[in-house]
Amino acid sequence: MSCIFFHRDLRLVSLNAFAFLFSEMVQYNQTRVDNIAELEHRLEDAGYGVGLRMLELLCHREKGNRREVRLLGILSFVHSTLWKSLFGKVADSLEKGTENEDEYMISEKELLVNRFISVPKDMGAFNCGAYVAGIVKGVLDGSGFPARVTAHFVPVEGQPRPRTTILIKFTEEVLQREARLS
Amino acid sequence: MATGFGRMAPLLRPGDTSVPNVEKVNAELFTLTYGAIVRQLLTDFEEVDEVNKQLDLMGYHIGIRLIDDFLSKSNVTRCSEFKETAEVIAKVGFKMFLGVTATVANWDAEGTECSLTLDDNPLVDFVELPETCQGLHYCNVLCGVIRGALEMVNMRTEVRWVRDVLRGDDAYEMRLKLLKQVAEEYPYKDDE
């Protein structure tokens with residue numbers, strides 16, 4: 001059974017209210033683009049602003065305005081603090097990429113934003129989690145850990161719906177700085 | 001703990017303060033997502049009036065679907081008059097979706113027009129309107145939602161903002177006007 005974490009002064013709205021709004025946002029953006037890549041980009045851009053603002057909010061509220069300066073620190077912040085605040089739970093997993101030093105993956109069995117979304121077959125691998133990828137990118141960029149962040153569906157054996165992985169690829173400067181600090 | 005099955009949900013009257021258990025999320029995700037939408041619209045459309053229209057249209061699209069969700073979860077009985085409809089929107093509808101209530105007041109003589117004043121508004125947390133957006137009805141989506149939802153239950157309405165805290169007023173007040181009650185159309189011809 002999953003535990004739901006929320007902070008003290010929490011204000012809540014219904015999940016359906018959010019789902020309706022998110023659905024409208026995706027559908028609106030579909031009218032402004034010519035292809036899937038553009039749609040993902042627009043959703044990421046939308047999420048980016050949210051990420052910057054969540055970072056400001058959470059740093060102030062949860063961390064007493066302390067800044068993360070280490071890689072694992074910021075990843076932990078995203079995986080736990082950010083996820084708890086946005087989705088009421090910590091992310092299902094945080095993994096380091098096996099093939100590349102600069103890659104990390106945060107995975108979720110079912111992203112909240114995808115809960116009521118079904119992607120038609122002709123849209124291929126499109127994942128509305130691009131919005132969440134944008135949020136993560138905003139948080140990382142805002143904290144001084146620039147990265148390329150994308151959302152991917154990953155099929156899971158024995159599960160009808162694939163899980164979503166948020167893939168984070170940090171820039172060279174971040175890795176170099178991390179190496180210096182180690 | 002009550003489950004949804006094997007037990008009838010109680011009939012809700014506008015006076016009831018209890019609202020059915022719906023799954024909830026942090027309002028900040030909702031608020032910031034809405035802010036992102038408004039930002040996108042402001043970038044895409046140059047005229048603030050056009051953004052207002054788009055927000056209303058988005059709200060309308062939401063409203064025509066939201067009404068089914070509302071009716072299935074709330075178990076309200078059919079309203080006998082528009083005054084009841086307004087109360088249901090204010091006390092049950094807003095509560096169920098936004099976690100806040102509204103006050104109904106200022107009825108006209110015919111009972112077809114009233115004010116809905118929000119006690120609290122999760123859409124506007126952290127929001128300030130810049131100089132360049134003074135004509136923006138930031139919460140216009142709500143007007144569209146109400147209009148769309150009511151249209152699906154055969155009421156054609158006009159919903160507009162008359163007071164907006166973001167524009168310097170002291171409250172969020174919408175004016176809800178019933179234009180026409182459309183008779184429910186029987187989809188089949190009797191003589192066929």
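In the text below, chain A, chain B and the rest are named by the order of the sequence lines, each starting its count at 1. Values reported hereafter were calculated over all heavy atoms of this structure, with side chains retained and with hydrogens, waters and symmetry mates removed.
- Here the closest non-hydrogen pair linking A/A17 and B/F30 is O-CE1, 3.6 Å.
- In this structure, B/R167 places its CZ atom where more than 12 heavy-atom neighbours from other residues, nucleotides or ligands lie under 6.0 Å away.
- Counted within 6.0 Å of CZ on A/R67, heavy atoms from surrounding residues, nucleotides or ligands total 12 or fewer; the atom is thus considered open.
- Note on A/M105 and A/L72: separate hydrophobic clusters, where clusters join Ile, Leu, Val, Met, Phe, Trp and Tyr whose side-chain heavy atoms are under 4.5 Å apart, directly or indirectly.
- We find the CG-CG distance between B/L32 and A/L52 to be 10.5 Å, quoted to the nearest 0.5 Å.
- Taken together through direct or relayed side-chain contacts under 4.5 Å among Ile, Leu, Val, Met, Phe, Trp and Tyr, B/L176 and B/L179 form parts of separate hydrophobic clusters.
- Side chains of A/N29 and B/Q40 form a contact here, defined as non-hydrogen atoms less than 4.5 Å apart.
- Counting heavy atoms of neighbouring residues, nucleotides and ligands inside a 6.0 Å radius, atom CD of A/Q27 exceeds 12 of them.
- In this structure, a donor-acceptor pair under 3.5 Å is present between the side chains of A/S23 and B/R65.
- Within a 6.0 Å sphere centred on CD of A/E56, heavy atoms belonging to other residues, nucleotides or ligands number 12 at most.
- There is a path of hydrophobic side-chain contacts, each under 4.5 Å, that joins A/V132 to B/V25.
- At a threshold of 4.5 Å between side-chain heavy atoms, the hydrophobic network of Ile, Leu, Val, Met, Phe, Trp and Tyr places A/V174 and A/L167 in two separate groups.
- Heavy atoms from other residues, nucleotides or ligands lying under 6.0 Å from NZ of A/K109 number 12 at most.
- In terms of heavy-atom proximity, A/A46 sits nearest to B/A36 at O-CB, 3.6 Å.
- Using a 4.5 Å cut-off between heavy atoms, A/Y48 makes no contact with chain B at all.
- Residues B/I37 and A/F18 share a hydrophobic cluster, clusters being chains of Ile/Leu/Val/Met/Phe/Trp/Tyr side chains in contact below 4.5 Å.
- With values rounded to the nearest 0.5 angstrom, A/R32 atom CZ is found 4.0 Å from B/D44 atom CG.
- From B/I62, atom CD1 reaches atom CZ of A/F20 across 8.0 Å, with rounding to the nearest 0.5 Å.
- In the displayed structure, A/Q159 atom CD is contacted under 6.0 Å by more than 12 heavy atoms of other residues, nucleotides or ligands.
- With a 4.5 angstrom heavy-atom cutoff, B/D125 touches chain A only via side-chain atoms.
- Looking at A/L57 and B/F126, their side chains come closer than 4.5 Å, going by heavy atoms from C-beta outward.
- B/K73 places a side-chain heavy atom less than 4.5 Å from the side chain of A/N16.
- Taking B/V145, B/L41, B/D69, B/L57 one by one and counting their heavy-atom pairs under 4.5 Å with chain A, the maximum is reached by B/D69.
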### Query
Can A/Y28 and B/Q54 be said to form a side-chain contact (heavy atoms from CB on, under 4.5 Å), step by step?
CA-CA 9 Å; A/Y28 167 72; B/Q54 286 294 318; 4.1 Å; yes
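- Taking a 6.0 Å sphere around CD of A/Q176, one finds it holds more than 12 heavy atoms contributed by other residues, nucleotides or ligands.
- Looking only at side-chain heavy atoms (C-beta outward), A/R11 and B/D120 come within less than 4.5 Å of each other.
- Between A/S14 and B/E23 there is no side-chain heavy-atom pair separated by less than 4.5 Å.
- With a 4.5 Å cut-off on non-hydrogen atoms, B/V100 touches chain A through its side chain but not through its backbone.
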### Task
List the steps and the verdict of side-chain contact (heavy atoms from CB on, under 4.5 Å) for B/T33 and A/M25.
CA-CA 9 Å; B/T33 299; A/M25 182 168 89; 4.2 Å; yes
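- The two residues B/A27 and A/V13 come nearest to each other via the heavy atoms CB-CG1, 3.8 Å.
- With a 6.0 Å radius and a threshold of 12 heavy atoms from other residues, nucleotides or ligands, A/H41 has its NE2 atom at or below the threshold.
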### Query
Passes side-chain contact (heavy atoms from CB on, under 4.5 Å), B/E28 versus A/L86? Steps please.
CA-CA 7 Å; B/E28 280 160 6; A/L86 289 176; over 6 Å; no
### Task
I would like to know whether B/V22 and A/L15 meet side-chain contact (heavy atoms from CB on, under 4.5 Å); could you show each step before the answer?
CA-CA 8 Å; B/V22 292; A/L15 170 62; over 6 Å; no
### Task
Under the salt bridge (charged side-chain N to carboxylate O under 4.0 Å, His left out) rule, what do B/R39 and A/D45 come out as? Steps first, then yes or no, please.
CA-CA 10 Å; B/R39 272 201 311 280; A/D45 276 350; over 6 Å; no
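- Here the straight-line distance linking atom CG of B/N26 with atom CG of A/L12 works out to 7.0 Å at 0.5 Å rounding.
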